[in-house]
Amino acid sequence: MPELPEVETIKRNLHQAIAGQKIKNVEVLTEKMIVFGLAKALLIKKADKKRTELFVKSIIGNVVASVERRGKFLIIKFKNGSALFIHLRMSGQLIFLEKNKLSSPLFLSIAKTAKPQLLPIKHTHVVFSFSDGSKLFYNDVRKFGHVRYVSEGDIEVFLETENLGPEPLDLDSRSFKNILEKYPKRAIKAILLDQNAIAGIGNIYADESLFAAKIHPARTAEKLKPAEIELLHTEIKKILNRAIKLGGSSLEYYLKTNGASGSFVKEHQVYGKSGKPCPRCGTILRSMNVAGRTSTYCPNCQK
DNA sequence: CTTGCGACCTGTTGGC
DNA sequence: TGCCAACAGGTCGCAA
């Protein structure tokens with residue numbers, strides 16, 4: 001789900017809410033969502049009581065120093081130097097409720113048809129309680145995500161093994177070009193989605209950026225002209241910044257930590273709009289599979 | 001090196 | 001109305 005703008009939105013809201021707060025309690029409702037230390041976040045995750053105990057014990061009593069982001073990872077850093085790395089994958093959701101909102105019927109109800117929706121208790125897997133009585137809920141319908149505890153000494157090691165590419169918003173155009181030159185034979189969309197090449201872009205923002213730059217998603221990196229690379233680079237930044245400003249794209253499950261929707265969906269030009277007319281030239285938008293993902297594009301204006 | 005596909009999960013949607 | 005395949009903001013491991 002959440003790509004860079006969504007995780008960045010969560011980061012900013014959560015930092016406001018929990019920086020300086022002490023964790024009073026942690027409830028793990030679904031043990032397999034927990035990862036401890038440098039263990040791999042395996043696809044086939046298993047519940048493990050010992051691991052859960054270690055996780056809970058390590059976290060209780062910690063004071064939040066800051067909330068940060070690297071790629072699509074949300075990082076909650078504690079004052080003692082340890083941290084939580086949370087990855088929301090497709091359907092993860094972080095909802096923060098003040099003490100007086102905890103019985104909010106909004107949170108407990110199932111919004112049947114209205115999308116996006118707050119997830120019912122059924123899909124809550126981890127609950128953090130803070131000293132002022134507020135709580136942070138980790139919800140995830142599909143259970144692809146995870147919450148990882150990393151101790152002080154292992155944070156650097158963990159980031160190294162992840163080997164994430166640079167942050168797109170910190171990138172100058174020369175470095176962006178250098179990245180593409182590393183993968184001359186790959187489809188441009190595959191590179192944009194590759195977290196080891198650039199960290200944070202996912203299916204929505206890849207499609208939207210390629211449309212804005214008038215580049216076909218299956219074009220190979222070596223076939224892009226310098227001017228196209230330049231344009232793509234500026235459009236990526238423009239789109240990510242605009243999306244952050246609007247609180248991200250709420251489609252199905254992503255919501256801001258206060259339960260409100262991000263409104264960037266209204267500005268989507270092509271994502272999820274296959275079969276509709278291109279907003280630029282009116283040609284019917286098509287979709288095809290690139291790098292294993294559905295890619296929507298305009299067959300007329302994306303060359 | 002590269003792509004492609006199945007897995008991991010649960011829920012919603014669209015076609016018949 | 002009911003059923004069932006296809007699909008969904010991600011990523012990994014393995015085959016070819």
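Chain letters run A, B, ... following the sequence lines, proteins first and then strands; every chain starts at 1. Values below: every heavy atom of this structure, side chains too, minus hydrogens, waters and symmetry copies. Computed from a prediction, not measured in an experiment: that's the story for all the values here.
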Report task. With sequence neighbours excluded, tell me which residues meet side chain to side chain donor-acceptor pair (under 3.5 Å) with Arg242(A). Result ->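 For Arg242(A) the side chain to side chain donor-acceptor pair (under 3.5 Å) partners, ignoring immediate neighbours, are Glu267(A).
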Query - Under 3.5 Å side-chain donor-acceptor pair for Asp140(A) and Tyr138(A) - result: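 Tyr138(A) and Asp140(A) do have a side-chain donor-acceptor pair below 3.5 Å.
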Query raised in the report: In terms of side-chain heavy atoms, does Ser175(A) have a donor or acceptor partner in Asp172(A) at a distance below 3.5 Å?
Result: yes
Of all residues at least two apart in sequence or in a different chain, which pass the ring pair (Phe, Tyr, Trp, His ring centres under 6.0 Å) check with [X]?
X         : value
Phe85(A)  : Phe158(A)
Tyr149(A) : Phe36(A)
His15(A)  : none
Phe128(A) : none

Under 3.5 Å, which donor-acceptor pairs link side chains of residues 59-66 of chain A to any protein atom two or more places apart or in another chain?
from: Asn62(A); atom 1: OD1; to: Asn80(A); atom 2: ND2; distance (Å): 3.0
from: Asn62(A); atom 1: ND2; to: Ser58(A); atom 2: O; distance (Å): 2.8
from: Asn62(A); atom 1: ND2; to: Ile59(A); atom 2: O; distance (Å): 3.3
from: Ser66(A); atom 1: OG; to: Glu68(A); atom 2: OE2; distance (Å): 2.7

Can you check the [X] [atom1] to [N] [atom2] distance for me, whole Å?
X         : N       : atom1 : atom2 : value
Met90(A)  : dT10(B) : CE    : C1'   : 11 Å
Asn139(A) : dT10(B) : CG    : C1'   : 14 Å
Lys46(A)  : dC9(B)  : NZ    : P     : 12 Å
Lys182(A) : dT2(B)  : NZ    : P     : 11 Å

Might you list the N or O atoms of the protein lying below 3.5 Å from N or O atoms in nucleotides 13-16 of chain C, with each pair's distance?
from: dG13(C); atom 1: OP1; to: Lys40(A); atom 2: NZ; distance (Å): 3.3

So what does [X] hit on the nucleic acid, given a heavy-atom distance under 4.0 Å: a base, only sugar-phosphate, or nothing?
X         : result
Tyr205(A) : nothing
Gly292(A) : nothing
Ala187(A) : sugar-phosphate
Lys45(A)  : nothing

Requested in this report: With syn defined as a glycosidic angle within 90° of 0 and anti as everything else, classify dG9(C).
Outcome: syn
I'd like the [atom1] distance from [M] over to [N], given in whole Å.
N       : M       : atom1 : result
dC3(C)  : dC9(B)  : P     : 26 Å
dT10(B) : dG13(C) : C1'   : 23 Å
dA6(C)  : dC5(B)  : C1'   : 16 Å

Query - Ring centroids of Tyr253(A) and dG9(C) base under 5.5 Å with planes under 30° - result: no
Show which side-chain atoms of residues 288-298 of chain A pair as donor or acceptor with protein atoms under 3.5 Å away, not counting sequence neighbours.
from: Asn289(A); atom 1: OD1; to: Gly292(A); atom 2: N; distance (Å): 3.1
from: Ser295(A); atom 1: OG; to: Lys189(A); atom 2: NZ; distance (Å): 2.8
from: Ser295(A); atom 1: OG; to: Arg293(A); atom 2: O; distance (Å): 3.4

Query raised in the report: How would you list, by chain and number, every residue that makes a side-chain contact (heavy atoms from CB on, under 4.5 Å) with Asp154(A), sequence neighbours excluded?
Result: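 Here the qualifying residues are Leu38(A), Val150(A), Ser151(A), Val157(A).
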Report task. Not counting sequence neighbours, which residues clear side-chain contact (heavy atoms from CB on, under 4.5 Å) with Asp170(A)? List them please. Result ->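 Once residues adjacent in sequence are excluded, the partners of Asp170(A) under the side-chain contact (heavy atoms from CB on, under 4.5 Å) criterion are Glu167(A).
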Report task. Please list, by residue number, the residues of residues 189-197 of chain A whose heavy atoms come closer than 4.0 Å to an atom of DNA chain C; answer none if no residue qualifies. Result ->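 The answer is Gln195(A).
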Query raised in the report: Which dot-bracket notation, 5' to 3', represents the base pairing of DNA chain B when pairs are defined as Watson-Crick or G-U with both distances under 3.5 Å, crossing pairs as [ ], and inter-strand pairs as |?
Result: .|||||||.|||||||
